[in-house]
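Remarks on the structure that follows.
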Amino acid sequence: MEAFSCRCYQFNLLLVMLFVTADIISTVEFNHSGELLATGDKGGRVVIFQQELESKNQPQCRGEYNVYSTFQSHEPEFDYLKSLEIEEKINKIRWLPQKNAAQFLLSTNDKTIKLWKISERDKRPEGYNLKEEDGRYRDPTTVTTLRVPVFQPMDLMVEASPRRVFANAHTYHINSISVNSDCETYLSADDLRINLWNLEITDRSFNIVDIKPVNMEELTEVITAAEFHPNQCNTFVYSSSKGTIRLCDMRASALCDQHSKLFEEPEDPSNRSFFSEIISSISDVKFSHSGRYMMTRDYLSVKIWDLNMESRPVETYQVHEYLRSKLCSLYENDCIFDKFECCWNGNDSVVMTGSYNNFFRMFDRGYRQDVTLEASRESSKPRSVLKPRKVCTGGKRKKDEISVDSLDFNKKILHTAWHPQDNIIAVATTNNLYIFQDKL
Amino acid sequence: MFPKGTKRKFSDSREEPVAGGEDVNQSSLAAVRMLSSYSLQRQSLLDMSLIKLQLCHMLVEPNLCRSVLIANTVRQIQEEMTQDGTWQIMTQALSAANAAAQCSADRLVATEVLCRQTEAAQGEQVPKPFPVVGSEGCPAEEVLEEEEAAAAEVGMTMSTVSPQAPTSYLPGTFGMDPCWEEEETGEDDDDDEEEDSEECGSGSEGEERERDSLVEDTRTAEQVFGTFEIKNPAPSPDPALEELFSDVDASYYDLDTVLTGMQSVPKMGPYDLLESLSSHGPSPLSSSTSCRSDLNELDHIMEIIVGS
């Protein structure tokens, strides 16, 4: 759906829904139709929201989502061998393309991936011959006639059941999962290895990337994110803590340690500092829907790469360049290690990512415009368009501007998601989920 | 701020070269001031990084990406200090210090090297040596800056490599790091806690499914980092060391709880920092240790240090 066909992109966003969650949100993901929105939290729970049917047809409130299903996906575990806890926090959720009435999603914590089936039940069979309605068995001698059980309608029930558990394949912490376009396989990536799974087989996985050095003391680089190409089932990319992205072709060899392409931008010598490597570490990589481009997020910027050009990105957007002079403080309070995600809109014309102070940024690639918006209750008045925010970098602070020193670094937006077809976005602050839609 | 004795000593030695020709010394003094401020900032960044690496939350496995990035930063600083020449000077200072000390137990030690560096203080126009780390596997020492707050302030302004104007340090303090202090195990309880968490974290990791050797991670970090080995303290009362420690203000012992996170049972040998970074393969070093600290060992060490 081309929502911004001919006019200048105005970024008019309205707050439609605000959910307060019990625990810190750790991942947000729309399904392929956009009808469902899944969130995972630090407590191992998954909450699925469903778009309201009525609002789907009313353009004014298409962004109305309500809770559809809630379930406990992962529980905390204890690794007795290492005497360490395994967090139940959901790191990533990825939906499978819908094949039948049921929906399937993969959710993962640090060590274990689970395939969940979410299905609706709105009828139940009644009129058994051998069982009473409450389930007790009837005495066969009392059965004098036979009848055919029939389905009777019942209140809608949404059930989530774990169908597969993919465990014990990762020594290090899983940071990414990605479903292949073949819909039969998926990859899971931890700090040093990437494994390929078949969705049907849980006791075996193939290791396709291994960057663990023989001598762990020589370890200087880790895998930070990985994703399958949206169309080419043989292609995937993975990013590293040194700011490189490697594109691999699974047809080339079983173990894809040798990349087909290496994407890396040469460092700007004028910006060199002790923090250069840390801020170059890529926290997220996402293919465009078209499959022609990919986007990477490092600490200060978002970069768009053309898959045909490895030497440098085709576009670079500064998310919060004013933080460059604060890197030492951000290193001290560990904020420099925050992993921000990024996302594309449905037609790849706009990209979005989060920042601090509950700010999030949108960059229109075509019109070369960008905006800073805030996800907070104070700034989201009902039925009024979100006001752009501005950070004052130095000198006199204008009215409505915020100075860099007033930014709240505890309020960070790490997870954002964009509806695959419509201009509806989901923005997660620490434990609030905001759903915005554009004003038509 | 700094123990007065040390500062005065250094200033005294510093004044001699300045007393001579003025204009030349003024401009070179300014340049040296900038260099020294940069060195201070670099030093504080190094200290901050080392502390970060040690203070992992050992209940859950530490974030490997974060650890690797911090370790790379430390390595970068170390390389730059090697190129500066400060590394070599430091190593020499360390060797001199080590010669007087005997190794018996593993622990963190920071020494007031500058009190002993009479030859280095004469006419030196380059940043002073820091007793930070030694390369080539020689025993290294953990460094503690007394004025962590002040240093942190200085550190906060450093985001690029280019040196900045000096802050509140006197000209006489150019290139000099704030005085070190001995990390005493004053707070045994805190030490135990830190040790608990550290050792729990470096426990065995047997989940590896591949054929990786169980021994590969057990080598010390010294080959790569060279800097994270725990220095063995002086067990016997050394007159030079007594003089060293006499200036140390007891109130700074609170910082020990931070740094003694690296405490380990003395018999273990150098602590393998990477054990905490990786979760691979059980370490023969840590496999023999329990998660509980050995209080008797710590008491023993305390007696030796205090010289009782």
Side-chain angles (χ1 to χ4, degrees), chain A residues 76 79-87 89 110-111 168-173 175 190-193 205 207 210 212-224 240-242 270-281 283 323-332 334 336-337 339, chain B residues 41-42 44-46 48-49 52 58-61 63-73 75-77 80 152 155-162 199-210 212-213 216-217 219-225 272-275 277-282 291:
Chain A
D79 181 341
Y80 292 97
L81 215 50
K82 300 183 205 170
S83 294
L84 289 173
E85 281 182 13
I86 299 174
E87 279 189 313
K89 172 168 74 86
D110 283 339
K111 298 285 185 180
N168 299 323
H170 285 279
T171 308
Y172 304 98
H173 291 178
N175 53 54
D190 67 29
D191 294 316
L192 297 179
R193 298 194 178 95
S205 72
N207 177 245
D210 188 341
K212 180 175 183 296
V214 170
N215 182 357
M216 273 297 277
E217 289 161 6
E218 288 159 13
L219 178 66
T220 57
E221 191 173 10
V222 301
I223 297 170
T224 52
S240 83
S241 56
K242 287 199 171 168
S270 65
N271 269 336
R272 178 113 188 83
S273 77
F274 283 120
F275 305 107
S276 294
E277 185 184 312
I278 299 180
I279 63 170
S280 74
S281 174
S283 52
L323 294 183
R324 193 180 287 274
S325 57
K326 309 276 176 197
L327 289 179
C328 201
S329 315
L330 295 164
Y331 179 71
E332 200 186 5
D334 265 12
I336 208 174
F337 301 107
K339 292 195 187 298
Chain B
Q41 292 169 357
R42 183 175 62 185
S44 79
L45 182 63
L46 179 65
M48 204 195 304
S49 306
K52 277 183 185 299
M58 289 316 236
L59 217 56
V60 186
E61 255 175 288
N63 185 334
L64 185 63
C65 181
R66 175 179 174 274
S67 303
V68 166
L69 288 172
I70 298 173
N72 289 351
T73 307
R75 198 181 291 115
Q76 245 187 307
I77 298 173
E80 194 182 278
M156 267 183 221
T157 60
M158 176 171 88
S159 59
T160 62
V161 168
S162 57
E199 291 192 313
C200 283
S202 62
S204 58
E205 314 83 352
E207 258 196 36
E208 188 74 313
R209 297 186 109 202
E210 278 104 290
D212 294 330
S213 161
E216 52 186 75
D217 287 349
R219 262 173 294 161
T220 65
E222 64 178 286
Q223 282 88 344
V224 172
F225 294 98
D272 186 355
L273 193 77
L274 277 167
E275 288 300 323
L277 298 184
S278 76
S279 53
H280 169 74
C291 283

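Reminder, nothing fancy here: chain letters follow the sequence lines and each chain counts from 1. Since the structure is predicted, the reported quantities are computational estimates derived from the model, not experimental observations.
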Legend entry - Gap separating the CD atom of B/Gln41 from the SG atom of A/Cys328, nearest 0.5 angstrom: 8.0 Å
Inset, instruction - Please report the shortest heavy-atom distance between A/Glu217 and B/Arg75, naming the atom on each side. - result: O-NH2, 4.3 Å
Inset, instruction - Please determine if B/Lys52 forms a cation-pi arrangement with A/Tyr331, meaning its NZ or CZ atom is less than 6.0 Å from the six-membered ring centre and no more than 45° off the ring axis. - result: yes
Inset, instruction - Applying side chain to side chain contact (heavy atoms under 4.5 Å, CB included), name anything that partners A/Glu221, two or more places apart in sequence or on another chain. - result: A/Ser240, A/Ser241, A/Lys242, A/Thr244, A/Arg246
Inset, instruction - Answer yes or no: is there a side-chain heavy-atom contact under 4.5 Å between B/Gln76 and A/Ser276? - result: no
Inset, instruction - Tell me, for A/Leu192 versus chain B, whether the close heavy atoms (under 4.5 Å) come from the side chain, the backbone, both or neither. - result: side chain
Inset, instruction - Check each atom of A/Asp334 against the heavy atoms of chain B and say whether the ones under 4.5 Å are side chain, backbone, both or neither. - result: both
Inset, instruction - Test side chain to side chain contact (heavy atoms under 4.5 Å, CB included) on B/Cys65 and A/Lys339 and set out the steps. - result: CA-CA 11 Å; B/Cys65 181; A/Lys339 292 195 187 298; 3.5 Å; yes
Legend entry - Over all atoms of both residues, closest heavy-atom pair of A/Thr220 and B/Asn72: O-ND2, 2.8 Å
Legend entry - Chi angles and distances behind the side chain to side chain contact (heavy atoms under 4.5 Å, CB included) call for A/Leu219, B/Leu64: CA-CA 10 Å; A/Leu219 178 66; B/Leu64 185 63; 4.1 Å; yes
Inset, instruction - Nearest 0.5 Å please: distance from the CD1 atom of A/Ile336 over to the CG atom of B/Leu69. - result: 9.0 Å
Legend entry - A/Glu277: partners by salt bridge (Lys or Arg N to Asp or Glu O under 4.0 Å), with sequence neighbours left out: none
Legend entry - Between OG1 on residue B/Thr73 and CZ on residue A/Phe274, distance to nearest 0.5 Å: 9.0 Å
